[in-house]
Amino acid sequence: MEKKIVKSANEAAEQIIEWSESQKIESCFDRAQKLKPCPIGETGACCKICHMGPCRFVGSNAEEDARGVCGATLPTVASRNLLRMAVAGTAAHSDHARDMAFILLAVANGETSDFKITDVKKLYRVAGILEIEFEGRPVNDVARDVAMTLLEDFRRQKGELNYIKRAPKKTQERWKKWGIVPRGIDREIAEAMHRTNMGVDHAPDNLLLSALKVSLSDGWGGSMISTDITDILFGTPRPIKAEASFGIFKEDEVNLVVHGHEPSLAEIIVEVVNEPDMIEYAQSKGAKGINLGGMCCTANEILMRHGIPTAGGFTNQELAIMTGLVDAIAVDVQCIMPALTELSKKFHTKVITTSYKAKIPGAIHVEYDEHRAREIAREIVKIAIDNYPNRKVEGAHISEKYPVIAGFSHEYIEYMQGGRWRASFRPLNDAIMAGRIRGVVGLAGCDNPRVPSQGLHRFLAIELIKNDVLIVSTGCGSAACGTAGYLTPEMALENAGPGLREVCEAIGIPPILHLGSCVDNSRILTIATAMAEEGGLSDEIGGMPAVGIAPEWMSEKAIAIGCYFAASGVPVIFGGESPVRASEEVTGLMTEVWLERFKGAFHFEPDPEKILSLTLNYIDRARETLKLRKYEPGKFGAERVLMDMAARRELEKAAKPHLGIY
Ligand code: NFS
């Protein structure tokens, strides 16, 4: 009989969980079982924004009858709670982006020698979008203008974000019509906090429009800025091979994990672990070398650009320490469990915090400063090396790991469809129109110990590709797929439907394209825009046969992402119970009303089978509305031949490269 998987759908993770139980070592999986969510707060029916409360909105007729001490209704409270989540998520992504912009500025001003501009073509591409003159100018001058122009997006009081104009015209018109074009990121965050303060905005629709507006300042602001500047500084990703899961840790090497979100320190650590004197130092402590691994989105960033292996996503962080093989884990910001320090006492692992914004009692604090990045990186690597001899034998050593192909940026996806000479989205649009590809799904978001963690990602990934749906994945959704061995081209041969398989084989890509970290969801926005501009499908993001899914979400950042996708025109389906389900009015606004206004919607659906059918239903309805060929597995319409690698090389030999990035 097949073993019953209780807490994680990831076999290696489940082995570690079982081992930890035998050792009576607690993890988030145990805590999730012990600590049930508050049944009132979980549904959005608790208001705790002032000290007359918390007020609980319960009873069979709460939607109509219940009132807080101030008289607030349940729909007001549920929508206000959702808006607060969207603000926090936006603040997180955008503050990360601000730090990236400051690094670009420091490089341009010659204030740091530890970083440089790696991708000048991307710098020029961004400068072009921002209408900054770049031809014939010193690179640093262009970089300074780009950094300053993007920093302007944070402090602008009136007008609109720079990148709003990157969206299809029709999408922008919808935003204008409903008054949700973001002005400046900081202004939208402050205004939304003001609106949710006691006694200000009480109209659910208005509060929810504010959630869309602030979240757009994440998607088309903070997140997109972060993606662009990270590409400029560290390189625009292109496909790269790596490995995933706990087997990436080496018994005879120093294992250092970088965990969190901001990639700049991790980038320097990638260099430092390869410095000969560091390797010699590790050898002097009895290790064969230094092995760097990643966790969560910091992992995604350095996986995409350097092929650094990943130990996985959010719920894997404690389990990584439990392998007994991690000598140090350096964390920056976001998604870091404070449980790590308590847990690390049972092992030899050193937990190192690096941001003044994110300290954890019990951790070693080595404060990061981008002006002294290398020096700090060396200090961190040394802590890991010095700790190697303290490694104890206990731990659930695991050897399982899987190959991964990652690194699909917008620019590469464009390139892979036609080479340098005729890079475009035409082949993808054609494949969708012909019914080879039924539609596209963005599979994103966290993994969550409240469900068999990573299991919903896996279930949906397999079922969708069987149904000829191309998947683009980010964040811990990518980690869940990577640690399951799904991010390889072979996956297409084994599991994809006939149409998708053909496309993947012709281009030589996996059916699940790893686009990067959660801020890289912005790549999905620009890809969708390119598809709209290419023609033949919808002429705006809304109405495309495309859906966004975050089946195991837990972070407020996910809510911001869900909101900006919905506002941009993408139907979004989140797993788990709805945080607004106490209010039918709020649920209706986010599904039906948003669909009408923006062609995007925001659903919460705990049943994975229903997530799947709702997704396919959205895709098929969009195909029908666009009058595309009805999807039938194995039956396709006429379309242009997709170019394989050899044909692309031939073309490139014959043609002069033009504006393409590669
Ligand atoms: Ni996204 Fe990436 Fe993961 Fe969730 Fe956290 S790491 S930013 S929030 S848990 S996907």
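All ligand and atom numbering here is 1-based and tracks the order in the structure. Numbers here are sequence positions counted from 1. What you see below is based on every heavy atom in this structure, not just the backbone, and it leaves out hydrogens, waters and symmetry mates.
Ring orientation note: the planes of Phe602 and Trp594 are tilted relative to one another, at an angle of 30° to 60°. Trp553 and Phe574 have tilted rings, their planes meeting at an angle from 30° to 60° on a 0 to 90° scale.
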Problem set entry | Candidate pair Ser355 and Asp332, rule side-chain hydrogen bond (donor to acceptor under 3.5 Å, both in side chains), full reasoning | CA-CA 6 Å; Ser355 167; Asp332 50 79; over 6 Å; no
For this session: Please report the C-alpha distance between Lys7 and Glu21 in whole Å, then the side-chain angles of each, then the deciding distance to 0.1 Å, and finally whether the salt bridge (charged side-chain N to carboxylate O under 4.0 Å, His left out) criterion is met.
Result: CA-CA 12 Å; Lys7 292 174 176 169; Glu21 284 170 348; 2.3 Å; yes
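Near Met554, the atoms of ligand 1 lying under 4.0 angstrom from a non-hydrogen atom of the residue are 9 (S).
Counting heavy atoms under 4.0 Å from ligand 1, residue Gln334 does not touch it at all.
Around atom 3 (Fe) of ligand 1, the protein N, O or S atoms found under 2.8 Å comprise Cys476 SG.
Among protein heavy atoms, atom 6 (S) of ligand 1 sits closest to His261 NE2, 3.2 Å.
Inter-residue side-chain proximity for Val404 and Thr310 is flagged as unmet; no heavy-atom pair is nearer than 4.5 Å.
Here Tyr564 and His93 keep their ring centres 6.0 angstrom or further from each other.
In this structure Glu370 satisfies the salt bridge (Lys or Arg N to Asp or Glu O under 4.0 Å) test with no other residue, sequence neighbours excluded.
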